[in-house]
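Report on the following structure.
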2 protein chains.
Amino acid sequence: MPTHFQGDAETVRALSAYINLVRASDSTLAKTTAHLEGLGVTNGQFAVLEALLHLGPMCQHTLGKKLLRSGGNVTLVVDNLERHGWVRRERQAEDRRMIQIHLTPKGRRLITRVFPEHAKVVAKVMSQLSAAEQEQLRKIARKLGRGADELCTERLKREKEHDHDQTKQ
Amino acid sequence: MPTHFQGDAETVRALSAYINLVRASDSTLAKTTAHLEGLGVTNGQFAVLEALLHLGPMCQHTLGKKLLRSGGNVTLVVDNLERHGWVRRERQAEDRRMIQIHLTPKGRRLITRVFPEHAKVVAKVMSQLSAAEQEQLRKIARKLGRGADELCTERLKREKEHDHDQTKQ
DNA sequence: ATCTGATCGTTTAAGCTTGAACGATTTGAG
DNA sequence: CTCAAATCGTTCAAGCTTAAACGATCAGAT
């Protein structure tokens with residue numbers, strides 16, 4: 001094989017970290033997705049429902065930015081969620097370009113029931129790592145993927161800390 | 001909102017690490033994919049070409065396991081690679097169920113040219129992290145995604161160490 | 001030799017995802 | 001006011017991905 005890989009140690013290190021990162025993500029995502037499918041909810045649908053539950057109603061454009069998905073994708077996922085009766089669209093009066101997405105009571109019941117199960121699966125998968133390792137992973141991954149919001153986790157922490165209702169919504 | 005998230009600190013920690021992991025992977029993968037698309041190679045195609053370059057010819061089933069992809073997916077990707085003239089199928093004589101995939105000279109030229117560029121992009125993205133952080137990330141992610149082989153990195157390290165041709169194949 | 005079960009690759013249907021083109025709406029400049 | 005540019009959601013074509021059903025091939029038992 002006449003071609004060498006000409007990278008230095010730095011490049012080898014970066015590639016190694018990168019590959020393991022993507023594989024770990026793929027692998028854990030597959031496990032949690034398998035659980036969701038058994039509940040009749042796709043990955044994208046779950047992500048939207050979770051965002052609406054933990055962050056409140058928001059318009060599709062915002063949803064797309066939060067979830068790192070294209071506009072067309074959000075339209076499709078919301079279509080499907082609407083078809084199931086889990087969310088409803090509400091055109092904004094002050095800016096008729098925007099459509100705010102709301103959880104319906106039915107949708108709220110669903111995600112409220114499903115999310116704890118999902119959390120349990122994630123906890124089980126992540127339990128392969130020690131607490132310290134999970135914390136390191138969180139910090140490093142956050143630094144790497146910075147610019148992306150953290151969705152539910154901040155809210156979860158607040159809920160945990162205060163431990164009382166935030167009846168807003 | 002009458003429903004609390006009932007998880008303990010352990011679950012919150014796991015979720016937080018998980019979300020940041022998936023987001024970091026999504027985010028970095030998007031950046032590297034964007035570069036590949038400009039070269040007329042899809043993600044899956046690149047992964048196959050890279051595996052063939054760094055691990056040598058192998059049958060589709062093995063390819064699927066290495067890349068964590070379904071059999072049907074491997075068939076499609078190899079179809080497309082074959083259509084471009086970058087790989088060829090070679091039915092095995094000793095076991096006619098298997099089909100070994102080989103890089104063509106044209107395919108080898110392509111991946112040999114493209115891989116260093118890809119490595120450079122990865123190195124740039126990962127340079128947001130210090131060397132120590134990258135090393136930590138590699139270890140932790142590897143532990144989490146264990147069972148998955150590391151594809152090129154081991155081979156790259158060997159090439160780097162020995163720094164001479166391994167003209168095999 | 002024949003049969004059974006396992007393995008490998010292919011095909012198909014379904015769903016996800018994206019980018020680009022498009023229409024509706026708003027904003028701001030003139 | 002009027003028009004141009006920007007923003008938001010929708011639609012469409014294309015490609016990726018998977019699971020399941022299928023045919024071909026092999027290995028082992030009888």
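Atoms considered below: every heavy atom in the structure, side chains included; atoms not considered: hydrogens, waters and symmetry mates. Naming: A, B, ... by sequence-line order, numbering from 1 per chain.
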Give the rounded distance in Å between these two atoms: CE of M58(B) and C1' of dG9(C). 16 Å
Would you mind building the protein contact string for nucleotides 16-23 of chain C? One character per nucleotide, 5' to 3', B for base within reach (heavy atoms under 4.0 Å), S for sugar-phosphate only, - for untouched. SBB-----
Pairing donors with acceptors under 3.5 angstrom, does anything connect the side chains of R23(A) and N20(A)? no
Listed partners of R97(B) passing side chain to side chain donor-acceptor pair (under 3.5 Å), at least two apart: D95(B)
Can I get a per-line list of side-chain donor-acceptor pairs under 3.5 Å for residues 32-41 of chain A, giving both atom names and the distance, sequence neighbours left out?
residue: T32(A); atom: OG1; partner: T28(A); partner atom: O; Å: 3.4
residue: T32(A); atom: OG1; partner: L29(A); partner atom: O; Å: 3.0
residue: T32(A); atom: OG1; partner: Y18(B); partner atom: OH; Å: 2.9
residue: T33(A); atom: OG1; partner: L29(A); partner atom: O; Å: 2.7
residue: T33(A); atom: OG1; partner: N43(A); partner atom: ND2; Å: 2.7

Report yes if a side-chain nitrogen or oxygen of R89(B) is closer than 4.0 Å to either non-bridging phosphate oxygen (OP1 or OP2) of dT10(C); otherwise report no. yes
Strictly by ring-ring contact (aromatic ring centres under 6.0 Å, His included), give each pair with a member in residues 119-140 of chain B just once, sequence neighbours left out. none
Aromatic ring pairing F115(A)/H54(A), orientation class (parallel under 30°, perpendicular over 60°, tilted between): perpendicular
Residues passing the salt bridge (charged side-chain N to carboxylate O under 4.0 Å, His left out) test with R109(A), sequence neighbours excluded, are none
H61(B) NE2 to dA6(C) P, straight-line distance once rounded to whole Å: 14 Å
Which whole-number value in Å describes the distance from Q60(B) CD to dT7(C) P? 18 Å
Dump every N/O contact between nucleotides 25-27 of chain C and the protein below 3.5 Å, one line per pair.
residue: dT26(C); atom: OP1; partner: R96(A); partner atom: N; Å: 3.0

Residues two or more places apart in sequence or in another chain: which of them pass salt bridge (charged side-chain N to carboxylate O under 4.0 Å, His left out) with R91(B)? none
With sequence neighbours excluded, tell me which residues meet salt bridge (charged side-chain N to carboxylate O under 4.0 Å, His left out) with R89(B). D79(B), E82(B)
Nearest whole angstrom, please: distance from the C1' of dT7(D) to the CD1 of I99(A). 13 Å
Distance check needed: dG15(D) C1' versus L81(B) CG, whole Å only. 14 Å
Pairwise ring-ring contact (aromatic ring centres under 6.0 Å, His included) hits with a residue in residues 69-104 of chain B, at least two apart: H84(B)-W86(B)
CG of L63(B) versus C1' of dG9(C): gap in Å, rounded? 13 Å
L36(B) atom CG is separated from dC16(D) atom P, nearest whole Å, by 12 Å
For E82(A) and dT10(D), what is the distance between atoms CD and C1' respectively, to the nearest whole Å? 13 Å
